[in-house]
Amino acid sequence: MARRHRNRDNNPDANRRQGRAIADLRQRLAGTGRVVVLTGAGVSAESGIPTFRDAQTGYWQRFRPEDLATAEAFRRDPQTVWRWYAQRRAAVQGVEPNPGHTALARLENRLSEFTLITQNVDGLHARAGSRRVLELHGNLLRVRCFSGCVSYSVGDGSPDARAAFDGDSSAAETVPEVPRCPHCGDYLRPDVVWFGENLPEQAIQRAFGAAESADLFLVVGTSAVVYPAAMLPRTALDCGATVVEINPDRTPLSTFVTLSIRGTAGEVLPRVIV
Ligand code: OAD
């Protein structure tokens, strides 16, 4: 990634193209009504959170999703799965939102009709000040009983909630005990959507509603290969929206969108939303 950025810095043609595309998007944003943004792991990359599919650094380049991100994996080996999420929880709490996150929070403040849809589970949009966020894949900082009795978030004050996150700080060195639900005794699990599970119904319905009525749909930092989220920009396009992609790399969406901006979220968004 770093090499690619340096190349663009040294490439006057690519710089000019990017500058024109940014000016184009700025103009479109100024004259538009309903704005919808879909974000993926790329928007948090500049905060230091790994993406899933980037070469070498992506989680799914180093681990198998079927070992860590399915209900079957959790039932088979709850300690390994819990530990991986506990380490990710600790990592997320040790980083800050980046200029891409804060630019999107700024945009929300300026518009009356704005929806931010995210596939990210790191809570960084909310920490940057975004208020109307639809979290399609859950939230890493929340856990729930596997049988549905309770749900706790990091920072909740009750002793039961605090106990759920007790092992997080030492999860890198020790294998923590997986906490149990104080009501039914089943395991607590991360409140994220695993492969093979349904997305939160209300969030996905509202996301499709927003995509259908969007005037401008911005897709930032997603490989656009995981469905149904990847369907949202196509839906917006089918319904007549202008669709703009911001990503350092091409994605399956790149050939369909109205405008593709090659660059990172942290570098492009603050130049678009000044
Ligand atoms: P991916 O890892 O699949 O894609 C990340 C995208 O971000 C790629 O297209 C990168 O080119 C781009 N990218 C990298 N750095 C960037 C930067 N600084 N600025 C902008 N873009 C950058 O992540 P997602 O598309 O979010 O699901 O993955 C979708 C889902 O797959 C995730 O929500 C997760 C995963 O399995 C669940 O956990 C359910």
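We count ligands from 1, going down the list as the structure has it; atoms in each ligand are counted the same way. Note that these values count all heavy atoms, side chains included, but never hydrogens, waters or copies made by symmetry.
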Undergrad: Can you check which of Gln61, Gln119, Arg53 brings a heavy atom nearest to atom 28 (O) of ligand 1?
TA: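 Selected option, by shortest heavy-atom distance: Arg53.
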Undergrad: N/O of Asn120 under 3.5 Å from N/O of ligand 1, yes or no?
TA: no
Undergrad: Between Asp191 and Gly138, is there a donor-acceptor pair closer than 3.5 Å when you use the side chain of the first and the backbone of the second?
TA: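 Judged by distance alone, no pair lies under 3.5 Å.
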Undergrad: Within the 4.0 Å heavy-atom shell around Asn247, which atoms of ligand 1 are there?
TA: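 Those qualifying, in numeric order: 8 (C), 9 (O), 10 (C), 11 (O), 12 (C).
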Undergrad: Tell me whether the centres of the aromatic rings in Tyr152 and Phe165 are closer together than 6.0 Å.
TA: no
Undergrad: Any heavy atom of Val193 sitting closer than 4.0 Å to ligand 1?
TA: yes
Undergrad: Can you tell me if Ala69 has a non-hydrogen atom under 4.0 Å from ligand 1?
TA: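 Judged by the 4.0 Å heavy-atom criterion, Ala69 does not count as contacting ligand 1.
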Undergrad: Cut-off 3.5 Å, side chains only: do Arg62 and Gln56 have a donor facing an acceptor?
TA: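 Short answer, no.
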Undergrad: Any N/O of Gly42 closer than 3.5 Å to an N/O of ligand 1?
TA: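 Indeed, backbone or side chain, Gly42 has an N or O that close.
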Undergrad: Once you restrict to heavy atoms under 4.0 Å, what part of Ala45 touches ligand 1? Side chain, backbone, both or neither.
TA: side chain
Undergrad: Closer than 4.0 angstrom: is that true for some heavy atom of Trp60 and an atom of ligand 1?
TA: yes
Undergrad: Does Trp194 approach ligand 1 within less than 4.0 angstrom via side chain, backbone, both or neither, non-hydrogen atoms only?
TA: neither
Undergrad: Does the ring centre of Trp82 sit less than 6.0 Å away from the ring centre of Tyr187?
TA: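 When the ring centroids of Tyr187 and Trp82 are compared, they turn out to be at least 6.0 Å apart.
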Undergrad: Ignoring hydrogens, just give me the one of Gly221, Ala265, Gly100 whose non-hydrogen atom is nearest atom 6 (C) of ligand 1.
TA: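 The option holding the nearest heavy atom is Gly221.
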Undergrad: Can you tell which part of His137 has a heavy atom less than 4.0 Å from ligand 1: side chain, backbone, both or neither?
TA: side chain
Undergrad: Test side chain to side chain donor-acceptor pair (under 3.5 Å) on His101 and Ser130 and set out the steps.
TA: CA-CA 8 Å; His101 295 110; Ser130 290; over 6 Å; no
Undergrad: I'd like to check whether Phe52 has a polar contact with ligand 1, where a contact means an N/O of the residue lying under 3.5 Å from an N/O of the ligand.
TA: yes
Undergrad: Considering distance alone, does some N or O of Thr222 sit under 3.5 Å from an N or O of ligand 1?
TA: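 Min N/O separation from ligand 1 is below 3.5 Å for Thr222.
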Undergrad: Below the 3.5 angstrom mark, is there an N/O of Gly263, backbone or side chain, next to an N/O of ligand 1?
TA: no
